[in-house]
Structure formats: structure tokens, C-alpha cells
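For clarity, every value in this text was computed on a predicted model and none was experimentally measured. Computation of the quantities below employed the complete heavy-atom set of this structure, encompassing side-chain atoms and omitting hydrogens, waters and symmetry-equivalent molecules.
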Amino acid sequence: RDRVQRGIDLVAALGEAIEKGEYNAIQDGSSPEYSIRPMGLMANGFLASENTGTTNELLLARWYINEIFLDINDIKNADSKSSALAAHAAAKRALNSYISLMNRVITSKVGDKFVLV
């Protein structure tokens with residue numbers, strides 16, 4: 001959970017780099033700091049089981065994770081601040097959708113739910 005939360009915080013904080021005009025200097029989406037793989041592992045752990053296998057929710061979570069990855073790369077490769085801001089808004093929407101999917105299966109026994117960005 002902590003690794004995923006660090007990734008959520010880092011993606012949300014990309015807006016500061018964009019405002020400063022430093023969006024081309026951010027790390028690309030494959031950087032482990034964004035916790036893209038831990039997000040996928042969490043989705044697999046929460047949304048798949050031996051009985052159900054791959055569910056539609058799991059496929060949707062994987063799609064959101066892929067969108068986050070692509071949007072981070074779009075921010076890095078943006079040719080203007082407005083393009084970077086648009087990519088960041090898309091990344092935040094995908095991230096909030098992923099968080100919403102995860103929060104649906106997090107009970108009080110599992111721990112605290114994630115906060116939307």
C-alpha cells in the first residue's frame with residue numbers, strides 16, 4: 001500500500017513541475033518511482049482469484065494503469081505547458097478511476113481507503 005501511495009502522490013505532484021515549466025525534466029513512465037508495477041500487483045491481488053480468474057474489473061484497472069503510464073510519458077514529451085497540463089489532467093482522471101476501483105474492495109479489515117487526487 002505504501003508503494004502505491006507514493007506513486008499516487010508523485011503523479012499528483014507532477015502538476016507542480018508543469019507549473020514551473022520543468023515538465024520535460026521529469027522521469028518517464030517506466031521509472032519505478034511512479035509505482036506502476038505495484039499498482040498492477042495490487043489490482044491483481046484485490047480483483048483476481050483462483051475461482052474467478054481475470055475479471056472485467058481487473059482488465060479495467062490494468063487499462064487505467066496503462067493510461068497513467070502513457071499520460072506520464074505525454075507530460076514528459078509535451079511541446080507546451082498547455083499540452084502537459086492536459087496530459088496531467090488525463091493522468092489524474094485515470095488515477096482517480098483506478099483508486100475508485102481499489103477502494104471498492106478495501107474493507108476496514110484491509111486498511112484505509114485511498115484518497116482521490
Side-chain angles (χ1 to χ4, degrees):
R1 187 194 192 297
D2 292 336
R3 289 173 62 193
V4 172
Q5 185 62 56
R6 283 194 303 269
I8 291 169
D9 294 340
L10 186 57
V11 171
L14 289 176
E16 296 171 17
I18 296 169
E19 290 299 327
K20 293 178 185 176
E22 301 170 351
Y23 50 89
N24 295 117
I26 68 168
Q27 299 175 17
D28 68 353
S30 63
S31 175
E33 281 77 10
Y34 295 113
S35 299
I36 299 294
R37 285 190 179 100
M39 286 181 193
L41 292 172
M42 178 179 276
N44 282 342
F46 284 176
L47 301 174
S49 73
E50 292 179 13
N51 295 332
T52 61
T54 303
T55 63
N56 288 338
E57 285 182 325
L58 178 57
L59 294 174
L60 187 59
R62 289 176 181 172
W63 186 82
Y64 288 135
I65 292 165
N66 190 50
E67 285 297 307
I68 295 165
F69 169 81
L70 294 172
D71 290 331
I72 292 168
N73 288 335
D74 287 347
I75 294 169
K76 181 171 180 58
N77 299 322
D79 55 0
S80 68
K81 185 176 178 178
S82 61
S83 296
L85 286 170
H88 186 245
K92 289 194 319 187
R93 283 192 303 272
L95 185 58
N96 281 333
S97 297
Y98 168 80
I99 292 170
S100 296
L101 274 175
M102 293 299 98
N103 281 345
R104 290 173 53 189
V105 294
I106 297 175
T107 64
S108 59
K109 291 180 182 179
V110 174
D112 297 329
K113 295 180 184 274
F114 291 101
V115 177
L116 299 178
V117 292

Asker: Quick one: OH on Y98 to CD1 on I68, what's the gap to the nearest 0.5 Å?
Answerer: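 Atom-to-atom, Y98:OH and I68:CD1 are 7.5 Å apart.
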Asker: Is any side-chain heavy atom of L14 closer than 4.5 Å to one of I26?
Answerer: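 They are in contact (side-chain heavy atoms under 4.5 Å apart), so the answer is yes.
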Asker: Which pairs count as side chain to side chain donor-acceptor pair (under 3.5 Å) when at least one residue sits in residues 104-117, sequence neighbours excluded?
Answerer: E57-R104
Asker: Can you tell me which residue pairs pass the side chain to side chain donor-acceptor pair (under 3.5 Å) test with a partner in residues 70-79, sequence neighbours excluded?
Answerer: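 Qualifying pairs, neighbours excluded: D79-S83.
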Asker: Looking at A48 and L58, what are the two nearest heavy atoms and their distance?
Answerer: CB-CD2, 3.7 Å
Asker: Out of curiosity, L101 CG to L47 CG, how far, rounded to the nearest 0.5 Å?
Answerer: 6.5 Å
Asker: Quick test of your reading: applying salt bridge (charged side-chain N to carboxylate O under 4.0 Å, His left out), list the pairs with at least one residue in residues 39-55, sequence neighbours left out, ordered by first then second residue.
Answerer: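 Passing the test, one end in residues 39-55: no pairs.
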Asker: Restricting to side chain to side chain contact (heavy atoms under 4.5 Å, CB included), what partner residues turn up for L70, sequence neighbours left out?
Answerer: N66, E67
Asker: Using side-chain heavy atoms (C-beta onward) and a distance below 4.5 Å, is M102 in contact with Y64?
Answerer: no
Asker: Test: side chain to side chain donor-acceptor pair (under 3.5 Å). Region: residues 29-48. Which pairs qualify, not counting sequence neighbours?
Answerer: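 Listed once each, the pairs are Q27-S31, D28-S30, S31-E33, N44-R62.
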Asker: Taking only residues at least two apart or on different chains, which pairs with a member in residues 84-97 satisfy side chain to side chain donor-acceptor pair (under 3.5 Å)?
Answerer: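 Output for this query is empty, none listed.
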Asker: Could you measure the distance from the CG atom of L10 to the CD1 atom of I72? Nearest 0.5 Å is fine.
Answerer: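 These two atoms lie 7.5 Å from each other.
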Asker: Please list, chain by chain and in numerical order, all residues satisfying salt bridge (Lys or Arg N to Asp or Glu O under 4.0 Å) with E22, sequence neighbours excluded.
Answerer: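 Once residues adjacent in sequence are excluded, E22 has no partner under the salt bridge (Lys or Arg N to Asp or Glu O under 4.0 Å) criterion.
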Asker: Kindly indicate whether the side chain of F69, heavy atoms from C-beta on, has any atom under 4.5 Å from the side chain of M39.
Answerer: no
Asker: Are I65 and W63 grouped together when hydrophobic residues (ILVMFWY) are joined by side-chain heavy atoms under 4.5 angstrom apart?
Answerer: yes
Asker: Among all residues two or more places apart in sequence or in another chain, which pass the side chain to side chain donor-acceptor pair (under 3.5 Å) test with N103?
Answerer: none
Asker: Of all heavy-atom pairs between V117 and A12, which one has the smallest distance, and what is that distance?
Answerer: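 For V117 versus A12, the nearest heavy atoms are CG1-CB, 3.8 Å.
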Asker: Tell me which pairs pass salt bridge (charged side-chain N to carboxylate O under 4.0 Å, His left out) where either residue lies in residues 7-17, with sequence neighbours left out.
Answerer: none
Asker: On a heavy-atom basis, which atom in K81 and which in Y23 lie closest, and how many Å separate them?
Answerer: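 Heavy-atom minimum between the residues: N-OH, 3.2 Å.
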